[in-house]
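Here the structure is a predicted model, which means the values were calculated and not measured. We number each residue from 1, following the sequence as shown. Heavy-atom basis, side chains included; hydrogens, waters and symmetry copies ignored.
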Amino acid sequence: MSVRIAASILSADFSALGAAIAAAERGGADLIHVDIMDGHFVPNLTMGPPVVRSLSKVAKVPLDVHLMIEDPDRYLEAFVRAGAAMISVHVEVLPHLHRTIQAIKDLGAKAGVALNPATPVGSLEEVAGNVDHVLVMSVNPGFGGQTFIPRSESKIKAVRALLDRQGSVAPIEVDGGVDGSNAARIVEAGATILVAGNSIFGTGDPERATRELRAAATLKAGV
Ligand code: DX5
Ligand code: ZN
């Protein structure tokens, strides 16, 4: 499957999100990644459904909404109504993960499950056949601009193996510290959706950075 770039607006200028999205799209972004933080599950606050609704009016590509919140079940409908095409929820906060995945699908969005760096791959075992995508956190969630945790590479391979064993073709999305220096290795490990915030919006030219990230991701690692 071809590589998709999900531009994370967390590192963009929040007073000009429309322009940030347009620049990433001109550079070829396939998805706009929207980080929702509640100050409880993660030590940061971002935005809620009203902002997502406004973003959905200007984005031409689908919105990929990453819920880093304690009680995602309460807000699923609001985010789908606001325009989320993909929703990722964290296994760490969900006692009834199977039900939550079904609820996202019933609302008409793609359902993804996110794993923190310390969360074992085995936590996916019982839902691997149900998910539309798996989000592997390669930094501890909460902030943009952190360094990729090297062990994430073997975790991506293990998630891919688990999905394959269960006959699932669900793509793996990798989130945190993705840039031109590691993108090819991440893809080689088995990920096909690369989330990038700082390496796109932390540059002076997000359009060009998006294009360069895709070029880096599609190069063979080590070549
Ligand atoms: C972090 C968020 C990420 C963040 C990634 O908690 O989930 O989506 O924007 O940012 P970078 O690419 O800067 O690590
Ligand atoms: Zn994210």
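- Hydrophobic clustering, with ILVMFWY side chains joined whenever heavy atoms are under 4.5 angstrom apart, keeps Ile149 apart from Val174.
- By the rule that hydrophobic residues join a cluster once side-chain heavy atoms approach within less than 4.5 Å of another member, Val195 and Met68 end up as members of separate clusters.
- A side-chain hydrogen bond (donor to acceptor under 3.5 Å, both in side chains) check over residues 47-59, counting only residues at least two apart or in different chains, returns nothing.
- Checking each of Leu76, Val131, Val113 against Ile104 for a side chain to side chain contact (heavy atoms under 4.5 Å, CB included) leaves exactly one that passes, namely Leu76.
- Glu173 has its side chain within reach of Asp64: a pair of non-hydrogen atoms, C-beta onward, lies under 4.5 Å apart.
- For Asp132, the salt bridge (charged side-chain N to carboxylate O under 4.0 Å, His left out) criterion is met by no residue, not counting sequence neighbours.
- Residues Leu67 and Leu135 are members of separate hydrophobic clusters, defined by side-chain heavy-atom contacts under 4.5 angstrom among Ile, Leu, Val, Met, Phe, Trp and Tyr.
- Within the structure, the side-chain hydrogen bond (donor to acceptor under 3.5 Å, both in side chains) test picks out the following pairs touching residues 200-211 (sequence neighbours left out): Arg26-Glu207, Glu207-Arg211, Arg208-Glu212.
- Considering Ile186, Ile156, Ile193 in turn, Ile156 is the only one that fulfils the side chain to side chain contact (heavy atoms under 4.5 Å, CB included) rule with Ile172.
- Under a hydrophobic-cluster definition in which Ile, Leu, Val, Met, Phe, Trp and Tyr are linked whenever side-chain heavy atoms come within less than 4.5 Å, directly or via other members, Val121 and Phe148 are assigned to the same cluster.
- Between Leu31 and Leu63 the shortest side-chain heavy-atom distance does not fall below 4.5 Å.
- Put simply, the side chain of Asn44 gets close to the backbone of Gly142: a donor and an acceptor are under 3.5 Å apart.
- Taking NE2 from His40 and CD1 from Ile69, the interatomic distance works out to 10.5 Å, rounded to the nearest 0.5 Å.
- Remark: the backbone N or O of Asn130 is paired with a side-chain donor or acceptor of Lys105 at under 3.5 angstrom.
- Atom-to-atom distance recorded for Thr46:OG1 and His66:NE2 is 10.5 Å, nearest 0.5 angstrom.
- Partners of Glu77 by salt bridge (charged side-chain N to carboxylate O under 4.0 Å, His left out), not counting sequence neighbours, listed by chain and number: Arg81.
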Show, in sequence, the C-alpha distance, side-chain angles and deciding distance for Val34 and Leu55, and conclude whether the side chain to side chain contact (heavy atoms under 4.5 Å, CB included) test is met.
CA-CA 9 Å; Val34 185; Leu55 300 178; 4.2 Å; yes
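- The residue from Ile200, Val139, Leu194 that alone fulfils the side chain to side chain contact (heavy atoms under 4.5 Å, CB included) condition with Val178 is Leu194.
- Looking only at side-chain heavy atoms (C-beta outward), Asp73 and Asp71 come within less than 4.5 Å of each other.
- A 6.0 Å sphere centred on CZ of Phe41 holds more than 12 heavy atoms belonging to other residues, nucleotides or ligands.
- Within the 4.5 Å cutoff, the side chain of Met37 has no heavy atoms near those of the Leu45 side chain.
- The closest donor-acceptor contact from the side chain of Asp13 to the backbone of Ser15 lies under 3.5 Å.
- Listed here is the closest heavy atom pair of Pro49 and Ala78: CG-CB, 3.8 Å.
- Ser138 places a side-chain N or O within 3.5 Å of a backbone atom of Asp175 that can act as its donor or acceptor partner.
- Note: Asp179 CG to Ser199 OG = 5.5 Å, rounded to the nearest 0.5 Å.
- Formation of a donor-acceptor pair under 3.5 Å by the Thr100 side chain with backbone atoms of His96 is found in this model.
- More than 12 heavy atoms of other residues, nucleotides or ligands lie within 6.0 Å of CD in Gln102, so this atom counts as buried by the packing criterion.
- Within the 4.5 Å cutoff, the side chain of Ser2 has no heavy atoms near those of the Thr192 side chain.
- Thr218 contributes a side-chain N or O that, together with a main-chain N or O of Ala215, makes up a donor-acceptor pair within less than 3.5 Å.
- In terms of heavy-atom proximity, Ala216 sits nearest to Ala183 at C-CB, 4.4 Å.
- Under the 4.5 Å side-chain contact rule for hydrophobic residues, Phe143 and Val136 do not share a cluster.
- The shortest side-chain heavy-atom distance between Met86 and His133 falls under the 4.5 Å cut-off.
- Checked by atom type and distance alone, the side chain of Ser88 never pairs as donor or acceptor with a backbone atom of Ala114 at under 3.5 Å.
- Pairs of residues two or more places apart, or lying in two chains, that qualify as side-chain hydrogen bond (donor to acceptor under 3.5 Å, both in side chains) and include a residue from residues 139-164 are Glu153-Arg185, Arg160-Asp164.
- Smallest separation of non-hydrogen atoms from Phe201 and Ala7: CE1-CB, 3.9 Å.
- With contacts defined as side-chain heavy-atom distances shorter than 4.5 Å, the pair Leu124/Val134 qualifies.
- Nearest heavy-atom pair across Pro117 and Pro141 is CD-CD, 4.4 Å.
- Between Ile36 and Val52, the closest side-chain pair of non-hydrogen atoms falls below 4.5 Å.
- Each salt bridge (Lys or Arg N to Asp or Glu O under 4.0 Å) pair with one or both residues in residues 27-42, not counting sequence neighbours, appears once here: Asp30-Arg214.
- Closest approach of Val80 to Ala109, counting heavy atoms only: CG2-CB, 3.9 Å.
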